Amino acid sequence: MQIVKEKILVIGACGQIGVELTTELRRIHGANNVIASDLRDEHELLKGTGPYVSCDVMNKEMLHVLIIRHNITQVYLLAAILSATGEKNPSLAWHINMQSLLNVLEIAKEEKLTKVYWPSSIAVFGPSSPKQHTPQNTVIEPTTVYGISKFAGERWCEYYHHHFGIDVRSLRYPGLISYKSAPGGGTTDYAVEIYHEALRDKDYSCFLSEDTYLPMMYMPDAIRATIELMEAPKENITIRSSYNLSAMSFSPKEIAQAIQKHIPEFEMSYREDFRQKIADSWPQSIDDSKAQEDWHWKPRFDLNTMTEDMLRNLKPLYA
Ligand code: NAD
Ligand code: SER
């Protein structure tokens, strides 16, 4: 049997997920087998850890040449405009989120790539979806341009799988919380900012109301879920649009209380802005039983263990 050595391209490698996913992929596949690429300058944490190429995913020719030149077999496409930034510039968000995916899927077809990874989001769900334990298959009527682009992207992934046999896999990430690379313009970013402000100023003004529950996940769980999905046997993958994925659900008031266990003087205030409307359109919790059944997904972090880990890792920054 011929063993195929995978050569991986991560597009959007300098973003919140990209930095940590690239690092983990390099640990698994070897530094030189994982090419990091982004529009931005190379992230500090990636410098010296493996090859970096500056590339605009919207430039299909350039991307195609890059993939051929480096004998790429798998692509992780992380470049996107997130929910809050997307509402400020809907046509740009639609254009980038759709065209980047279509460029990658077309090249995957032409070059017969072995696998493609593209993340979707809980933002595919809208106000008419069930709010609690939102099922895998339910009413999907997103009201943000970000959610519309993610839903359309899911349809394209399934289409390219069914029509052209592309092994494309996807997760509907909840809001992701991390300390290594800053978040990039989402509605769930408050749950990252709050840890920095708690350590720096001992207070935080939250742009969502105190009782806004959203599905959330700590980055180590998100990275592990991504790797586990991508390493699962092909025959286990029964969903080719995108898998619901869940870890925890909390409100701004509850995350503040979790922080106060470590920093009792921390104070939280609330000043809602345009992101409240986006959050109100999303589910409060997610049913991820298909991910559990198909590739045995199980999260490890809850609000308290995540809070301990976030504060421990961020403390030296503000000492
Ligand atoms: P991010 O904004 O932090 O990172 C995206 C990266 O893509 C940035 O480094 C940016 O410079 C790069 N990029 C943008 N346009 C590009 C282009 N034209 N060519 C090349 N690179 C470009 O986003 P993230 O949080 O890391 O999200 C990655 C993916 O995961 C996105 O598809 C996002 O929708 C999805 N997702 C993220 C979350 C979350 O909470 N972070 C939740 C659900 C889904
Ligand atoms: N965390 C993302 C956002 O808020 C959800 O996809 O945009």
Side-chain angles (χ1 to χ4, degrees), residues 9-22 35-46 52-60 62-63 66 75-89 92-93 95-101 103-104 116-125 142 144-151 153-154 157 170-178 180-193 207-208 212 214-219 221-223 225-226 242-247 274-283 286:
L9 175 66
V10 183
I11 302 169
C14 297
Q16 189 193 7
I17 301 172
V19 169
E20 299 199 38
L21 187 57
T22 302
I35 317 271
S37 81
D38 203 293
L39 268 185
R40 306 194 217 175
D41 289 343
E42 189 175 13
H43 194 282
E44 279 303 316
L45 294 176
L46 292 180
Y52 180 78
V53 178
S54 177
C55 175
D56 181 353
V57 66
M58 302 299 280
N59 185 335
K60 190 177 169 203
M62 189 180 162
L63 180 65
L66 175 67
V75 171
Y76 287 67
L77 171 57
L78 305 175
I81 304 284
L82 275 77
S83 61
T85 311
E87 288 312 285
K88 289 184 183 158
N89 197 338
L92 180 77
H95 183 52
I96 291 189
N97 293 359
M98 287 313 4
Q99 200 55 50
S100 59
L101 177 60
N103 286 352
V104 168
V116 172
Y117 178 74
W118 171 83
S120 183
S121 162
I122 53 145
V124 291
F125 299 112
T144 62
V145 66
Y146 175 69
I148 297 169
S149 71
K150 288 295 182 189
F151 185 44
E154 290 186 3
C157 288
S170 176
L171 297 171
R172 288 173 178 158
Y173 290 131
L176 300 181
I177 295 147
S178 65
K180 290 189 181 165
S181 180
T187 302
T188 55
D189 293 9
Y190 91 85
V192 178
E193 290 168 12
F207 56 76
L208 298 183
T212 307
L214 287 171
M216 298 280 191
M217 180 175 279
Y218 196 31
M219 191 61 86
D221 271 343
I223 300 299
T226 309
S242 191
Y243 278 96
N244 274 11
L245 189 71
S246 171
F274 72 101
R275 290 168 280 193
Q276 183 67 46
K277 198 170 158 202
I278 301 176
D280 286 342
S281 76
W282 289 350
I286 296 287

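For ligands, and for the atoms within them, numbers begin at 1 and follow the listed sequence. Because the structure is predicted, anything quoted here is derived from the model rather than measured.
The shortest N or O to N or O distance between Ile96 and ligand 1 is not under 3.5 Å. Where the criterion is an N or O separation shorter than 3.5 Å, residue side chain and backbone included, Asp38 meets it with respect to ligand 1. Residue-to-ligand polar distances place Ser83 within reach of ligand 2: an N/O pair is separated by less than 3.5 Å. For Leu176, a nitrogen or oxygen atom sits less than 3.5 Å from a nitrogen or oxygen atom of ligand 1, counting backbone and side chain alike. Residue Ile11 has no nitrogen or oxygen atom sitting less than 3.5 Å from a nitrogen or oxygen atom of ligand 1, judged on distance alone. Looking at ligand 2, you won't find any N or O of Tyr173 less than 3.5 Å from one of its N or O atoms. Checked by distance only, ligand 1 and Ser121 stay at 3.5 Å or farther apart across all their nitrogen or oxygen atoms.
At a 4.0 Å cut-off, not a single heavy atom of Ala123 sits close enough to ligand 1 to count as contact. A heavy-atom separation below 4.0 Å is not found between Tyr190 and ligand 2. At a 4.0 Å cut-off, at least one heavy atom of Tyr146 sits close enough to ligand 1 to count as contact. The closest approach between any non-hydrogen atom of Gly175 and ligand 1 is below 4.0 Å. For the ligand labelled ligand 1, residue Ala13 lies outside the 4.0 Å heavy-atom shell.
Considering only non-hydrogen atoms, atom 4 (O) of ligand 2 lies nearest to Thr187 out of Thr187, Leu176, Ile177. The residue among Ile81, Leu82, Leu101, Val192 with a heavy atom at the shortest distance from atom 23 (O) of ligand 1 is Leu82.
Remark: the backbone N or O of Tyr52 is not paired with any side-chain donor or acceptor of Glu42 at under 3.5 angstrom. Formation of a donor-acceptor pair under 3.5 Å by the Ser181 side chain with backbone atoms of Gly15 is found in this model. In this structure, Asn103 contributes its side chain and Ser100 its backbone to no donor-acceptor pair below 3.5 Å. Formation of a donor-acceptor pair under 3.5 Å by the Asn97 side chain with backbone atoms of Ile81 is found in this model. Although no hydrogens or angles enter the test, the distance criterion places a donor-acceptor pair under 3.5 Å between the side chain of Ser242 and the main chain of Arg172. No donor-acceptor pair closer than 3.5 Å links the side chain of Lys150 to the backbone N or O of Phe125.
Taking a cut-off of under 4.0 Å to the non-hydrogen atoms of Lys150, the atoms of ligand 1 that pass are 31 (C), 32 (O), 33 (C), 34 (O). Counting the atoms of ligand 1 from 1 in the order shown, those under 4.0 Å from a heavy atom of Met58 are 18 (N). Every atom of ligand 1 with a heavy atom of Gly184 under 4.0 Å away is listed here by number and element: 2 (O), 3 (O). With ligand atoms numbered from 1 in the order given, ligand 1 contributes 43 (C), 44 (C) to contacts under 4.0 Å with heavy atoms of Ser120. Every atom of ligand 1 with a heavy atom of Cys14 under 4.0 Å away is listed here by number and element: 9 (O). For ligand 1, the atoms sitting less than 4.0 Å from at least one non-hydrogen atom of Gly12 are 6 (C), 7 (O), 12 (C), numbered in the order shown with element in parentheses.
With 3.5 Å as the limit, one finds no donor-acceptor pair spanning the side chains of Thr22 and Tyr76. With hydrogens and angles left out, the side-chain atoms of Ser120 and Ser170 include no donor and acceptor closer than 3.5 Å.
Looking from atom 27 (O) of ligand 1 to the surrounding protein, the closest heavy atom is Ile17 CD1, 3.7 Å. Here the protein heavy atom with the shortest distance to atom 14 (C) of ligand 1 is Ala79 CB, 4.1 Å. The protein non-hydrogen atom at the shortest distance from atom 21 (N) of ligand 1 is Leu39 N, 3.5 Å. At the top of the distance list for atom 20 (C) of ligand 1, counting protein heavy atoms only, stands Cys55 O, 3.3 Å. For atom 31 (C) of ligand 1, the nearest protein heavy atom (residue, atom name, distance) is Leu78 O, 3.4 Å. Considering only non-hydrogen protein atoms, atom 18 (N) of ligand 1 sits nearest to Asp56 OD1, 2.8 Å. Of the protein's non-hydrogen atoms, the one nearest atom 41 (N) of ligand 1 is Gln16 OE1, 2.9 Å. Of all protein heavy atoms, the one lying nearest to atom 1 (N) of ligand 2 is Thr188 OG1, 2.7 Å. Counting only heavy atoms of the protein, atom 5 (C) of ligand 2 lies nearest to Ser121 OG, 3.4 Å. The protein non-hydrogen atom at the shortest distance from atom 42 (C) of ligand 1 is Pro174 O, 3.3 Å.
Nearest heavy atom pair, residue Ile122 against residue Pro283, reads O-CD, 3.7 Å. In terms of heavy atoms, Leu9 sits closest to Leu63 at CD2-CD1, 4.0 Å. Counting all heavy atoms, side chain and backbone alike, Asp38 lies closest to Cys14 at OD2-N, 3.0 Å.
Summarising the geometry, atom OG belonging to Ser178 is positioned 13.0 Å from atom CE belonging to Met217; distances are rounded to the nearest 0.5 Å. Leu45 contributes atom CG, which lies 8.5 Å from atom CD of Glu20 (distance to the nearest 0.5 angstrom). Interatomic distance, CD1 of Ile177 versus OG1 of Thr188, reported as 7.0 Å (0.5 Å rounding). Ile223 contributes atom CD1, which lies 6.5 Å from atom CD1 of Ile17 (distance to the nearest 0.5 angstrom). Rounded to the nearest 0.5 Å, atoms CZ (Arg275) and OG1 (Thr187) are 7.5 Å apart. Separating the CG atom in Asp56 from the CD1 atom in Ile96 is a distance of 7.5 Å, to the nearest 0.5 Å.
Residue contacts with ligand 2 for Tyr146 involve side-chain atoms from C-beta outward but no N, CA, C or O (heavy atoms, distance under 4.0 Å). At a heavy-atom distance under 4.0 Å, no atom of Ala123 approaches ligand 2.
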